[in-house]
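See below for the structure under consideration.
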There are 2 protein chains.
Amino acid sequence: MHRPATAPIFLAPIMRQADPGEVLFLEGDPCEYVYELRHGIARGVNISVEGERQITAFFFAGDQIGLPIAEAYRFTAEAVTELCFVRYSRPCWIEVFIRSCCEQGRLLPSICAEQDPIFRRGIIVGRYGVLARICAFLISVIDRLPEKEGMRVFPLPRVDIAAYLALAPESVCRGFRQLREMGIIAMPQRDRLRLEDRQGLEAIASGAQI
Amino acid sequence: MHRPATAPIFLAPIMRQADPGEVLFLEGDPCEYVYELRHGIARGVNISVEGERQITAFFFAGDQIGLPIAEAYRFTAEAVTELCFVRYSRPCWIEVFIRSCCEQGRLLPSICAEQDPIFRRGIIVGRYGVLARICAFLISVIDRLPEKEGMRVFPLPRVDIAAYLALAPESVCRGFRQLREMGIIAMPQRDRLRLEDRQGLEAIASGAQI
DNA sequence: CGGGGTCTTGATTTCATTCAAAAATGGTGG
DNA sequence: CCACCATTTTTGAATGAAATCAAGACCCCG
């Protein structure tokens, strides 16, 4: 299991659980804890005044989320699947952070690890075309999904993928079908996925015409 | 090195300049310097393999960009207008960063200040509709534009706005026209802008139907 | 006073959303 | 184990919005 370089420094904390849909923390709340995912998938959610819901990132086992970079959390974090996680209090996390800054002289994978998915999502959503977005999305998640009997476990609801890609759920569905018909992916069930043609996927993701 | 407590955090560095279009640093290059803008506007650019160009952020006077959060810069930085800036070497910046972490116990506006615009852009681009995106964009920049004779100086090329909003330049143009006709903004010249109806702007930005 | 670039406008085409409905899935209780 | 229901997913057809295509206007600079 992937784990950030800071993890071993912490004392073993209590392992906690969350059910699908459960909220870990709310956008705007003061950053009290940093959450470290051990198992399962979480989503970062932002809701506009008018109720438009965007998923700004998906997070996986090994990710730390809710870093106290600002005073308040910048997104709401919810469990997508059953979740196992631990959490560190803000002062405790900052202490470890600073120590590891001093020792290693670099600003830590941890900050990067939370910011990067958000950054990448911006670029994915900025692409033209349903297929390009879906492919770019798949590339960014496929390697972090657990494997089972030669297939990736892909438990993300279509609605969530749509909210992440800024598309209608129907468009997501049609996109997946097209990729199946093109022989780029296999999806025998909703939540099982296998990459058949990585090159093709990458080509479409980076804007190649079909 | 001994320094009185009242001393400015950084020693006064050399003031540098850049012309429109000039590159400050390139995506992928190792983070050698942090750039602090003193005057003018810069853009963060990401180019896909196929040449699709996205502007992932605009930066203004007071912003620090190119923070060494990862080993390499995650975007290319270019001057949009004439630019004045200073820069700090990576080790120097990190030293100040850590000290200020320790003293204040918080992770600094500085990181936030670079990440936030990128985060916000993701949300803007994730919105449906040309007008909603343009309005959300205007809200995020209008207060950072310098004022002149009762109008904001708005020197961003339409092409850049389009690359930022993931729209065609023509759509940006039509959007601005519509906002003008609705009496929400005034744009007597390309690079002059006045907000006539902030509430209206905010309403459209957050998804209100017209 | 040109001339190259950016910007704006209009007409057309393309593509994604929407609307509507059917199929699949998962969970529950008999 | 099966029938039933609620929810999610998938599919098809129609609508609508933004991209594209093609000119024309404007602006800056020499």
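In the text below, chain A, chain B and the rest are named by the order of the sequence lines, each starting its count at 1. Model, not experiment: these values are computed from the prediction.
- End-to-end axis angle of the helix from C:dT8-D:dA23 to C:dG30-D:dC1, from C1' rotation axes over five pairs per end: 40° (rounded to 10 degrees).
- The separation between A:Gln178 atom CD and D:dT9 atom C1' is 18 Å, rounded to whole Å.
- Salt-bridge check for B:Glu95 with B:Arg90: failed, with every basic side-chain N at 4.0 Å or more from each acidic carboxylate O.
- Within residues 149-169 of chain B, the residues approached by DNA chain D to less than 4.0 Å at the level of any non-hydrogen atom are B:Ala166, B:Leu167, B:Ala168, in residue-number order.
- The number of heavy-atom neighbours closer than 6.0 Å to CD of A:Gln189, taken from other residues, nucleotides and ligands shown, is above 12.
- The distance between atom CZ of B:Phe176 and atom P of C:dT9, rounded to the nearest whole Å, is 13 Å.
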**Request:** Would you mind building the protein contact string for nucleotides 19-26 of chain C? One character per nucleotide, 5' to 3', B for base within reach (heavy atoms under 4.0 Å), S for sugar-phosphate only, - for untouched.
**Result:** B----BS-
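- Side chains of A:Tyr35 and A:Gln64: no donor on one and acceptor on the other come within 3.5 Å.
- The closest side-chain donor-acceptor pair between A:Arg120 and A:Gln115, if any, does not fall under 3.5 angstrom.
- Remark: A:Arg87 qualifies as a cation-pi partner of A:Tyr33 under the 6.0 Å distance and 45° angle criteria applied to the six-membered ring.
- Among B:Asp191, B:Ile185, B:Leu145, the one residue that satisfies the side chain to side chain contact (heavy atoms under 4.5 Å, CB included) test with B:Arg152 is B:Leu145.
- Computed from coordinates, the A:Arg127 CZ to D:dA19 P distance equals 16 Å when rounded to whole Å.
- Closest to the B:Val130 side chain, of the nucleotides D:dA18, D:dA19, C:dT9, is D:dA18.
- Contact annotation: the side chain of A:Met151 never approaches that of A:Leu193 to less than 4.5 Å [non-hydrogen atoms, C-beta and beyond].
- Of the candidates D:dG12, C:dA16, D:dT10, the closest approach to any side-chain atom of A:Cys173 belongs to D:dT10.
- For A:Arg43, the salt bridge (charged side-chain N to carboxylate O under 4.0 Å, His left out) partners two or more places apart in sequence, or in a different chain, are A:Glu78, A:Asp160.
- In this structure, A:Phe75 and A:Phe59 have parallel ring planes: the angle between them is below the 30° cut-off, well short of the 60° mark.
- Nucleotides C:dG10 and C:dT6, compared at atom P, are 22 Å apart to the nearest Å.
- Rounded to an integer number of Å, the gap from CD of B:Glu52 to C1' of D:dA19 is 13 Å.
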With a 3.5 Å cut-off and sequence neighbours excluded, list the donor-acceptor pairs that the side chains of residues 135-144 of chain B form with protein atoms.
residue: B:Ser140; atom: OG; partner: B:Phe137; partner atom: O; Å: 2.8
residue: B:Asp143; atom: OD1; partner: B:Arg198; partner atom: NH2; Å: 3.1
residue: B:Asp143; atom: OD2; partner: B:Arg198; partner atom: NH2; Å: 2.7
residue: B:Arg144; atom: NH1; partner: B:Asp63; partner atom: OD1; Å: 3.1
residue: B:Arg144; atom: NH1; partner: B:Asp63; partner atom: OD2; Å: 3.2
residue: B:Arg144; atom: NH2; partner: B:Ala61; partner atom: O; Å: 3.1
residue: B:Arg144; atom: NH2; partner: B:Asp63; partner atom: OD1; Å: 3.2

Pairs of donor and acceptor atoms involving the side chains of residues 13-32 of chain A, under 3.5 Å and at least two apart or interchain, shall be tabulated with distances.
residue: A:Glu22; atom: OE1; partner: A:Asp19; partner atom: N; Å: 2.8
residue: A:Glu27; atom: OE1; partner: A:Asn46; partner atom: ND2; Å: 3.4
residue: A:Glu27; atom: OE2; partner: A:Asn46; partner atom: ND2; Å: 3.4

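- Toward the 5′ end of DNA chain D lies the nearest nucleotide of A:Met187, the other residue of the pair A:Tyr128 and A:Met187 mapping further downstream.
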